Amino acid sequence: MAALTADVQTPVKIHLTTNICLDGEEETFEMILFGQYYRKNNAVFLKYDEVQEEGTVHTLVKVDDEEATIFRKGIINMRMKFRLNEQKDGSHASEYGSLLLSTDTNKLAHHEYDDKCEGKINLGYDLYMQGTHAGKYDMEIQYREETGNL
């Protein structure tokens with residue numbers, strides 16, 4: 001398979017699962033989304049839109065050997081960075097104001113199948129908002145080329 005570049009975007013189906021644990025309570029969120037996959041400078045990118053009641057959020061996930069970054073733009077603007085065993089600063093802005101975020105990452109893994117546009121990104125991290133612990137997050141992003149015959 002030829003290397004995919006930013007010029008070649010492949011339609012993908014994305015299964016996003018997020019488990020959040022805070023104060024002994026656990027919540028799980030799942031979404032099935034459709035987006036685009038591409039590679040650029042040894043990084044994998046996933047682009048997708050989350051449509052919510054208040055409006056749409058355009059999301060870009062970038063992952064390489066060292067770190068992952070999630071950018072969200074729209075009704076909220078957010079940037080979160082993840083690097084294994086490091087605390088990274090980020091930001092969250094909405095109509096209600098801006099918050100300083102930081103992530104303390106304990107799991108960062110990306111597995112991709114060589115012969116097809118399919119893979120899995122796993123992120124485990126503690127989230128802090130304005131310095132206060134806001135939960136333990138476990139996120140899994142599975143993606144697979146959308147062929148239309150599911």
Side-chain angles (χ1 to χ4, degrees), residues 1-22 25-84 88-99 101-129 134-150:
M1 178 173 101
L4 296 173
T5 66
D7 301 332
V8 181
Q9 296 191 12
T10 304
V12 287
K13 181 177 184 182
I14 297 165
H15 184 188
L16 174 65
T17 308
T18 306
N19 291 309
I20 305 165
C21 190
L22 179 62
E25 304 265 326
E26 207 168 309
E27 261 189 288
T28 300
F29 298 95
E30 276 192 78
M31 286 192 280
I32 303 288
L33 305 150
F34 294 91
Q36 301 291 319
Y37 163 99
Y38 62 94
R39 294 186 78 91
K40 184 177 176 183
N41 301 332
N42 296 322
V44 166
F45 292 82
L46 293 173
K47 277 189 345 188
Y48 57 88
D49 289 343
E50 292 176 47
V51 179
Q52 302 176 2
E53 279 182 34
E54 306 83 22
T56 300
V57 178
H58 307 288
T59 303
L60 178 67
V61 178
K62 174 187 176 190
V63 64
D64 62 28
D65 295 337
E66 301 289 317
E67 63 184 29
T69 310
I70 298 175
F71 301 94
R72 300 175 83 200
K73 282 199 170 315
I75 54 168
I76 61 163
N77 292 308
M78 186 176 82
R79 181 181 55 82
M80 291 172 42
K81 272 189 167 310
F82 307 91
R83 187 180 274 263
L84 198 56
K88 296 301 237 177
D89 289 337
S91 61
H92 178 285
S94 72
E95 61 183 283
Y96 305 109
S98 297
L99 296 171
L101 300 180
S102 64
T103 56
D104 192 354
T105 306
N106 55 45
K107 179 170 50 174
L108 172 58
H110 178 222
H111 176 75
E112 195 165 52
Y113 299 97
D114 290 333
D115 57 342
K116 48 191 159 199
C117 176
E118 186 176 341
K120 188 184 333 186
I121 301 166
N122 291 98
L123 290 171
Y125 59 96
D126 283 284
L127 179 66
Y128 296 87
M129 295 172 105
K136 228 177 184 11
Y137 284 66
D138 194 4
M139 182 186 293
E140 180 176 273
I141 304 169
Q142 293 178 18
Y143 58 92
R144 171 185 289 182
E145 184 171 354
E146 175 56 39
T147 56
N149 55 2
L150 296 175

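No experiment lies behind these values; they were computed from the predicted model shown.
Nearest heavy atom pair, residue Leu33 against residue Asp49, reads CD2-O, 3.6 Å. Taking every heavy atom of both residues into account, Leu108 and Phe82 meet most closely at CD2-O, 3.8 Å. Taking every heavy atom of both residues into account, Ser94 and Ile76 meet most closely at CB-CG2, 3.9 Å. Across every non-hydrogen atom of Ala134 and Tyr137, the tightest pair is O-CE1, 3.7 Å.
Under the 4.5 Å side-chain criterion, counting only non-hydrogen atoms from C-beta, Tyr143 is in contact with Ile121. Counting only heavy atoms from C-beta outward, the side chains of Phe45 and Gln36 never approach each other to under 4.5 Å. Side chains of Val57 and Ile75 form a contact here, defined as non-hydrogen atoms less than 4.5 Å apart. You'll find the side chain of Tyr48 stays beyond 4.5 Å of the side chain of Val12, heavy atoms only. By the 4.5 Å heavy-atom criterion applied to side chains, Arg83 and Glu66 are counted as neighbours. With contacts defined as side-chain heavy-atom distances shorter than 4.5 Å, the pair Val63/Val44 qualifies.
No donor-acceptor contact under 3.5 angstrom links the side chains of Tyr37 and Glu118, judged on distance only. For the 3.5 Å distance criterion, the side chains of Ser102 and Asp89 fail to qualify, holding no donor opposite an acceptor.
Separating the NZ atom in Lys73 from the OG1 atom in Thr59 is a distance of 11.0 Å, to the nearest 0.5 Å. Going from atom OG of Ser91 over to atom CG of Leu99 covers 9.5 Å, rounded to the nearest 0.5 Å. A distance of 6.0 Å separates NZ of Lys120 from CG of Asn122, quoted to the nearest 0.5 Å. Distance check: Gln142 CD to Leu46 CG gives 12.0 Å after rounding to the nearest 0.5 Å. Between the NZ atom of Lys136 and the CG atom of Leu22 there is a distance of 11.5 Å, given to the nearest 0.5 Å. Between the CD1 atom of Ile14 and the CD atom of Glu146 there is a distance of 10.5 Å, given to the nearest 0.5 Å.
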Exercise for review: Could you give me the CA-CA distance, side-chain angles and deciding distance for Lys47 and His58, then say whether side-chain contact (heavy atoms from CB on, under 4.5 Å) is met?
Suggested key: CA-CA 7 Å; Lys47 277 189 345 188; His58 307 288; over 6 Å; no
Point to revise | Intermediate values then yes/no, side-chain contact (heavy atoms from CB on, under 4.5 Å), Arg72 and Glu50 | key: CA-CA 9 Å; Arg72 300 175 83 200; Glu50 292 176 47; 2.9 Å; yes
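At distances below 3.5 Å, not a single donor-acceptor pair connects side-chain atoms of Thr103 with backbone N or O atoms of Thr105. Checked by atom type and distance alone, the side chain of Thr69 never pairs as donor or acceptor with a backbone atom of Lys81 at under 3.5 Å.
Remark: Lys88 NZ is packed, more than 12 non-hydrogen atoms of other residues, nucleotides or ligands lying under 6.0 Å away.
Residues forming a side-chain hydrogen bond (donor to acceptor under 3.5 Å, both in side chains) with Asp138 (at least two apart in sequence, or on another chain): Lys107.
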